[in-house]
Asker: 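Below are the structure tokens for one structure; questions will follow.
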Amino acid sequence: MLKEIPVSYSSERIRKILKELVVLTYAEKESKEVVEKMQQFWFYFEVREGKIAGVYQSDIYRIIIKMFSRPAGHILICCIHELAHHVDFIIRNETKHDHTFYQVFHDLLISAMRINLITKEQLLAVDDTKDLENLQKRHGAIINWKVPMLDQTKRNVWIKCRSSIDKKEYLKKAKYQYSWFEKAWFKEVPSQHVQVEIDYLKRFFQDKEFQVETIGSITFSVMYYVSLRNGRIHRETLKQRGYFYEAYDLGKFTWNKIIDASDWPGEKAALDKLKGLKARVLLR
């Protein structure tokens, strides 16, 4: 049975950008029908920290991005990697990490750099896969890639706001959309209207509660629930690290804590030193 994954505003805004990359890369190379098919894919975010950051399921055209403890640039490059698998599959009815795939991946990365979605520096910072080695083996040093930039000054931006329950009506009234994945409210606005939105938000929110994100400054503000079992013998250490016993309705006999997703690698390293613990990461 096909596992259902709920769509969030967070994943939908990235899906729209990925579809734009397809058009930018292939509108002049492929037929209209093929380009349209390249844009037909399901795209989801879910939390599952492990060795696999993303997956493409070719039988149902579905992309799932999983690990949000990594920098935003890593996550976006993973999204493009999985998109490359989809595009590759549409072109030749199969996809694997061979020369053809890395040509597709390269071309999509160039388009992503053209619109400033990612930078060469972000790509060079990806050190947990063989992608850099394979890309540079086939296309030369990334630092020397030719990237004809496109003007993005008139592009829409996003305003992201975190709100307490008692203030959410102000955001709903202004047509903000809620993302359950990031527990934040979003609104896409033309760049020339940003100040109007900021002036409105300042009436109800502190500056630290909202931010403006451009195509070049996208973030993923994800909070993880860390839930531990077998923590009894380590209870004093866990208390010092900010864990609470049976908190957040995560089950009996558990020690639990809320952290920023980016803090998970450090948290995991500390927990790995405590013998017998069983840890899981959740998004609620």
Side-chain angles (χ1 to χ4, degrees), residues 10-11 13-26 29-30 38-39 41-59 61-149 215-220 222 261-262 264-265 268:
S10 300
S11 60
R13 72 164 174 162
I14 302 302
R15 188 173 75 96
K16 285 175 60 178
I17 296 172
L18 295 180
K19 290 172 67 176
E20 179 183 344
L21 292 184
V22 167
V23 174
L24 181 59
T25 308
Y26 290 99
K29 298 179 182 178
E30 300 286 350
M38 289 176 174
Q39 296 180 80
F41 57 90
W42 303 101
F43 186 80
Y44 302 93
F45 289 161
E46 71 174 15
V47 167
R48 191 177 294 265
E49 290 288 331
K51 294 182 179 180
I52 299 176
V55 63
Y56 173 60
Q57 299 168 324
S58 60
D59 56 333
Y61 295 176
R62 183 164 76 172
I63 294 170
I64 304 174
I65 305 300
K66 300 183 177 186
M67 291 169 57
F68 288 83
S69 60
R70 300 165 301 154
H74 282 47
I75 297 170
L76 290 169
I77 290 164
C78 178
C79 294
I80 299 168
H81 179 110
E82 301 307 331
L83 173 65
H85 277 301
H86 171 67
V87 170
D88 187 29
F89 186 80
I90 296 301
I91 292 173
R92 57 176 176 155
N93 204 37
E94 68 172 341
T95 182
K96 53 188 175 181
H97 293 115
D98 59 4
H99 179 78
T100 302
F101 167 80
Y102 279 103
Q103 181 65 56
V104 173
F105 189 24
H106 167 267
D107 293 347
L108 289 169
L109 287 169
I110 292 294
S111 292
M113 292 176 189
R114 293 188 70 193
I115 64 172
N116 201 34
L117 178 64
I118 62 167
T119 64
K120 292 180 180 180
E121 290 72 24
Q122 287 174 319
L123 182 56
L124 287 166
V126 177
D127 57 4
D128 55 356
T129 73
K130 292 185 178 181
D131 281 346
L132 290 189
E133 177 185 342
N134 289 320
L135 284 165
Q136 295 189 116
K137 184 189 301 181
R138 294 168 170 84
H139 301 284
I142 290 170
I143 199 68
N144 295 327
W145 287 3
K146 302 300 182 183
V147 182
M149 300 299 292
I215 188 71
S217 64
I218 289 174
T219 62
F220 300 93
V222 183
S262 61
W264 171 241
K268 183 178 184 300

Asker: Let me confirm one number: the CG-CD distance from Asp131 to Gln136, rounded to the nearest 0.5 Å.
Answerer: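 Reported to 0.5 Å precision, the distance equals 11.0 Å.
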Asker: Do any N or O atoms from the side chain of Gln122 and from the backbone of Thr119 form a donor-acceptor pair under 3.5 angstrom?
Answerer: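 The answer is yes, because a donor-acceptor pair under 3.5 Å joins these two groups.
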Asker: Taking all heavy atoms of Cys79 and all of Phe45, pick out the closest pair and write down the distance.
Answerer: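 Looking at all heavy atoms of both residues, the closest pair is SG-CE2, 4.4 Å.
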Asker: Using the rule given for side chain to side chain donor-acceptor pair (under 3.5 Å), can you reason through His97 versus Asn134, listing the C-alpha separation, both sets of side-chain angles and the distance that settles it, and then say yes or no?
Answerer: CA-CA 9 Å; His97 293 115; Asn134 289 320; over 6 Å; no
Asker: Evaluate ring pair (Phe, Tyr, Trp, His ring centres under 6.0 Å) for His81 paired with Phe101, printing each intermediate quantity in order.
Answerer: CA-CA 9 Å; His81 179 110; Phe101 167 80; 5.0 Å; yes
Asker: For the residue pair Thr129 and Val126, what are the closest heavy atoms and their distance?
Answerer: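 In terms of heavy atoms, the two residues are closest at OG1-CG1, 4.0 Å.
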Asker: Which pair of heavy atoms, one from Ile215 and one from Ile115, lies closest together, and at what distance?
Answerer: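 Smallest interatomic distance, heavy atoms only, reads CG2-O, 3.3 Å.
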Asker: Please tabulate, for the side chains in residues 139-147, all donor-acceptor contacts under 3.5 angstrom to protein atoms that are two or more places apart in sequence or on a different chain.
Answerer:
from	atom 1	to	atom 2	distance (Å)
His139	NE2	Tyr102	O	3.4
Trp145	NE1	His139	O	3.1
Trp145	NE1	Gly140	O	3.1

Asker: Show the numbers, then the answer: is there a side-chain contact (heavy atoms from CB on, under 4.5 Å) between Tyr44 and Ser11?
Answerer: CA-CA 6 Å; Tyr44 302 93; Ser11 60; 5.5 Å; no
Asker: Using the rule given for side-chain contact (heavy atoms from CB on, under 4.5 Å), can you reason through Lys19 versus Leu21, listing the C-alpha separation, both sets of side-chain angles and the distance that settles it, and then say yes or no?
Answerer: CA-CA 5 Å; Lys19 290 172 67 176; Leu21 292 184; over 6 Å; no
Asker: So does Leu135 get a backbone contact from the side chain of His106, meaning a donor-acceptor N/O pair under 3.5 Å?
Answerer: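 Here the side-chain-to-backbone pair does not exist.
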Asker: Applying salt bridge (Lys or Arg N to Asp or Glu O under 4.0 Å), can you list everything that pairs with Arg15, at least two apart in sequence or on another chain?
Answerer: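 Counting only residues at least two positions away or on another chain, Arg15 forms a salt bridge (Lys or Arg N to Asp or Glu O under 4.0 Å) with Glu12.
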Asker: Applying side-chain hydrogen bond (donor to acceptor under 3.5 Å, both in side chains), can you list everything that pairs with His74, at least two apart in sequence or on another chain?
Answerer: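 Counting only residues at least two positions away or on another chain, His74 forms no side-chain hydrogen bond (donor to acceptor under 3.5 Å, both in side chains).
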Asker: side-chain contact (heavy atoms from CB on, under 4.5 Å) between Ile218 and Ile14: does it pass, once the steps are laid out?
Answerer: CA-CA 9 Å; Ile218 289 174; Ile14 302 302; 4.2 Å; yes
Asker: Looking at Glu46 and Lys66, would you say the former's side chain and the latter's main chain have a donor-acceptor pair under 3.5 Å?
Answerer: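 Side chain of Glu46 to backbone of Lys66: no pair is present.
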Asker: For residues Phe68 and Trp264, determine if any side-chain heavy atom of one lies less than 4.5 Å from a side-chain heavy atom of the other.
Answerer: no
Asker: Test side-chain contact (heavy atoms from CB on, under 4.5 Å) on Ile90 and Phe41; report intermediate values, then the result.
Answerer: CA-CA 11 Å; Ile90 296 301; Phe41 57 90; over 6 Å; no
Asker: Could you tell me the separation between the CZ atom of Phe105 and the CD1 atom of Ile110, rounded to the nearest 0.5 Å?
Answerer: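 Going from the CZ atom of Phe105 to the CD1 atom of Ile110 covers 11.0 Å.
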Asker: Establish, from distance only, whether the side-chain atoms of Ser262 and Ser69 form a donor-acceptor pair under 3.5 Å.
Answerer: no
Asker: Might you point out which heavy atoms bring Leu108 and Ala84 nearest each other, and give the distance in Å?
Answerer: CD1-CA, 3.6 Å
Asker: Heavy atoms, side chains only, cut-off 4.5 Å: are Gln103 and Asp88 in contact?
Answerer: no
Asker: What is the distance from atom NE2 of His85 to atom CD of Glu82, rounded to the nearest 0.5 Å?
Answerer: 5.0 Å
Asker: CD of Gln39 to CG of Leu83: how many Å apart, nearest 0.5 Å?
Answerer: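 Those atoms lie 10.0 Å apart.
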Asker: Closest heavy-atom contact between Ile91 and Met38?
Answerer: CG1-CE, 3.7 Å
Asker: Rounded at 0.5 Å granularity, tell me how far CZ in Arg70 sits from CZ in Phe220.
Answerer: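 CZ of Phe220 is found 9.5 Å from CZ of Arg70.
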Asker: With sequence neighbours excluded, give me every salt bridge (Lys or Arg N to Asp or Glu O under 4.0 Å) pair touching residues 99-114.
Answerer: Lys29-Asp107
Asker: Identify, with sequence neighbours excluded, every residue that meets salt bridge (Lys or Arg N to Asp or Glu O under 4.0 Å) alongside Lys268.
Answerer: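 By the salt bridge (Lys or Arg N to Asp or Glu O under 4.0 Å) rule, Lys268 matches Asp272.
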Asker: Start with the C-alpha gap between Arg92 and Asp98, add the side-chain angles, then the distance that decides, and say whether salt bridge (charged side-chain N to carboxylate O under 4.0 Å, His left out) holds.
Answerer: CA-CA 13 Å; Arg92 57 176 176 155; Asp98 59 4; 2.7 Å; yes
Asker: Under the side-chain hydrogen bond (donor to acceptor under 3.5 Å, both in side chains) test, which residues partner Glu94, sequence neighbours left out?
Answerer: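 Partners of Glu94 under the side-chain hydrogen bond (donor to acceptor under 3.5 Å, both in side chains) test: none.
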Asker: Rounded at 0.5 Å granularity, tell me how far OG in Ser111 sits from CG in Leu18.
Answerer: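 Here the interatomic distance stands at 11.5 Å.
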